[in-house]
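Note sheet for the following structure.
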Amino acid sequence: MLLQLVEPGQTSDPHSHSKGIVVGIDLGTTHSVVAFVQDEKPYVLDIEGKGPLIPSILSLTDTGIDVGVVAEEKLSSTKRLMGRGSQDPLCAQFSQLIQGEGVRLQLGSYSLTPVEVASQILSYIRDQVEKAFEKPLEAAVITVPAYFDEAARVATKQAAALAGIKVLRLLNEPTAAALAYGLATGAEGIYAIYDFGGGTFDLSLLKLEGGVFQVLATGGDLNLGGDDIDHAVATHFKLKDLAHARVLKEALSVNESVEGVSRANLEEIALPFVKKTLEITHNVFREGGFLPRDVNGIVLVGGMTRMPLVRREVSTFFEKVPLCDIDPDQAVALGAALSAHGLSYGSETLLLDVTPLSLGLETMGGLVEKIIPRNSPLPALASQEFTTYQDGQGGMLIHIVQGEREFVQDCRSLARFELKGLPSLPAGAARVRVDFTVDVEGLLAVTAFEKTTGLSQYIEVRPSYGLDEETIAAMILESQQYGKKDVEKRVETEQKLKVEWREDSLFSKS
Amino acid sequence: MVNLFMFDPFEVLGLKKEYSLDLKTLEQHYFKGQRNKHPDRLTHVQEGEKVEALKQSAVLNQAYLLLKDPLQRAEWILKAEGLDLLNPDAEILLQVMNWNERFESGENIKPELRQEEEKLFKDLEMAFEEQAYTKARFVLCRLIYVQKVLKDIELSHI
């Protein structure tokens, strides 16, 4: 039922009482899918009679750059670079990377950030939706890998803002898939969502009960996806073209032998990657205090789960045959559509998600003190008190990191900021309370409060190379002025290397 | 502003302040609370109210996590009775050393520890039932150490 395609023009208007349409968007590494809800049921949108899969590829065409056509010169899998720095080892997988400041990719005469590529794809999706429904796209739920860190989440929101899409909420991909599966089948109990996509692997453990979708634990790897197997296949068979490796890999899921390569050959190459997903799965269970046999069912999500080897290994691990009665390419988008519909029109369903990575503070000697441990239910709030160590100390440096390691250098630095304008007090007399809030999308905000004087400060944490809201607003304005495909003419926005926060709200009297 | 140092998790979740707590009941109260306070349920309220709702939802999460863990639950009740956690006495420290030695020499002490853990949980429940808080504090201290040794054993298998 869920997999049925509907021609939007041929059915009754799903949202006649509103001016626009709300959708769910699975912005995937290899392809994207958009879905909508009609008569309380989710459907994927068929794109110009070509099926629901939109290649997440930006191509160079005669007229400029375009999504929806796949040309010789193209940018693909750039989702893997969302929120990454130029020093990230993953950048080596991209031959179009321009050396220099920040992460930029070359496409013809264009120089694009991963955020800009994502915004082009989202703009294309918006156009398709508006064409199909003949009304504006009002808002969307966009999905992200559960294991996406703060920087990658912020980057995704920036891409949506650039494409002029209002984001109702970012939603974790496995949670979205669980929602689609749970609402379609009425399943109750503990379910494992095994999400092995083009770029990332996520494993989420959920409890489904009476309309509540409670994420119990999640784990994953952002550098583990079908793309990595493609690279390994290309290296092994000395193939020049990655797309060739992918076609070969996909064909071997259906056929025993293709181009003289047997499925067994491929499985030998893929096995270490699959084993790694099971290692992560094992760890999620161990940390959550569950056993694989506690699980009522395993839901497979992501294109990689079409590989017979993956299905076999997952079955062995859980001693249970995984469920695949929902298309692994569509489950995430369908769940996102249900979420978007629920957020816009109300719903009896409740999603309780968790934070995938721990948040911590730098302490003496470069050590990390965890303030919000991973797998904490969201929203999460933590408070920490600080004091000065010198007489009359006017400021205090606070460094927030994300990750599981003990040392700051091994974690992702989220923000480094100074609490300024502290009252002149003897050492140890100032009392600064810092509240950390992680919202339901997994985004962090920090409030600092000096108790003796009542000074307070609100800080929006942004990744160190992120763009502040004004810059985004300027970019949107420019993109409207110059046309959305005219990325090059746009005034280049200097990438900020510093933490951004609202200077004007610093230390206003509360 | 919600102060996490001061909050009463039982009150937050609308539960009676008792050590003995059925997890099913806890969950029901937690889900009910989140149905009212979770930010996803309040998409149409004013911006200012959203921040407050987010905090209340976060506090519900905090209360749920605290009460779900029987050790934290016990500790909180004892603190409310004015009893801080007990420092370990020589007896329990010697016992821990003894367990560690036996474990390191290859003995399987897990069944014995599990049995001890089970017994202590029963003692703890009984002590709270009789409102014998000083005794509860004594049992809790032992329980913390038994669980620590058990955890160390499990981690060493990885």
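Per chain, numbering begins at 1; letters A, B, ... match sequence-line order.
Around the OH atom of B:Y145, the shell of radius 6.0 Å holds no more than 12 heavy atoms that belong to other residues, nucleotides or ligands. Surrounding CD of B:E118 are at most 12 heavy atoms belonging to other residues, nucleotides or ligands under 6.0 Å away. The number of heavy-atom neighbours closer than 6.0 Å to CD of A:E406, taken from other residues, nucleotides and ligands shown, is 12 or below. Within 6.0 Å of NZ in A:K157 there are more than 12 heavy atoms belonging to other residues, nucleotides or ligands. A 6.0 Å sphere centred on CD of A:E404 holds more than 12 heavy atoms belonging to other residues, nucleotides or ligands.
A:D353 CG to B:H38 NE2: the interatomic distance, rounded to the nearest 0.5 Å, is 8.0 Å. Taking CG from A:L352 and CG from B:N61, the interatomic distance works out to 7.0 Å, rounded to the nearest 0.5 Å. Here B:K24 contributes atom NZ and A:E209 contributes atom CD; the two are 3.5 Å apart, rounded to the nearest 0.5 Å. Taken from CG in B:D40 to CG in A:L378, the straight-line distance is 10.5 Å, to the nearest 0.5 Å. Rounding to the nearest 0.5 Å places NZ of A:K207 at 6.0 Å from CZ of B:F31.
Of the atoms belonging to B:L54, heavy atoms from both backbone and side chain fall under 4.5 Å from chain A. Neither the backbone nor the side chain of A:L168 comes within contact range of chain B; no heavy atom of the residue lies under 4.5 Å from a heavy atom of that chain. The contact between A:S344 and chain B is made entirely by backbone atoms, counting heavy-atom distances below 4.5 Å.
Between the side chain of B:R41 and the backbone N or O of A:S347 there is at least one donor-acceptor pair closer than 3.5 Å.
Closest approach of A:L381 to B:Q62, counting heavy atoms only: O-OE1, 3.3 Å. Between B:R35 and A:E348, the closest heavy-atom pair is NH1-O, 2.6 Å.
Counting heavy atoms from C-beta outward, B:L65 and A:P377 have side chains that approach closer than 4.5 Å.
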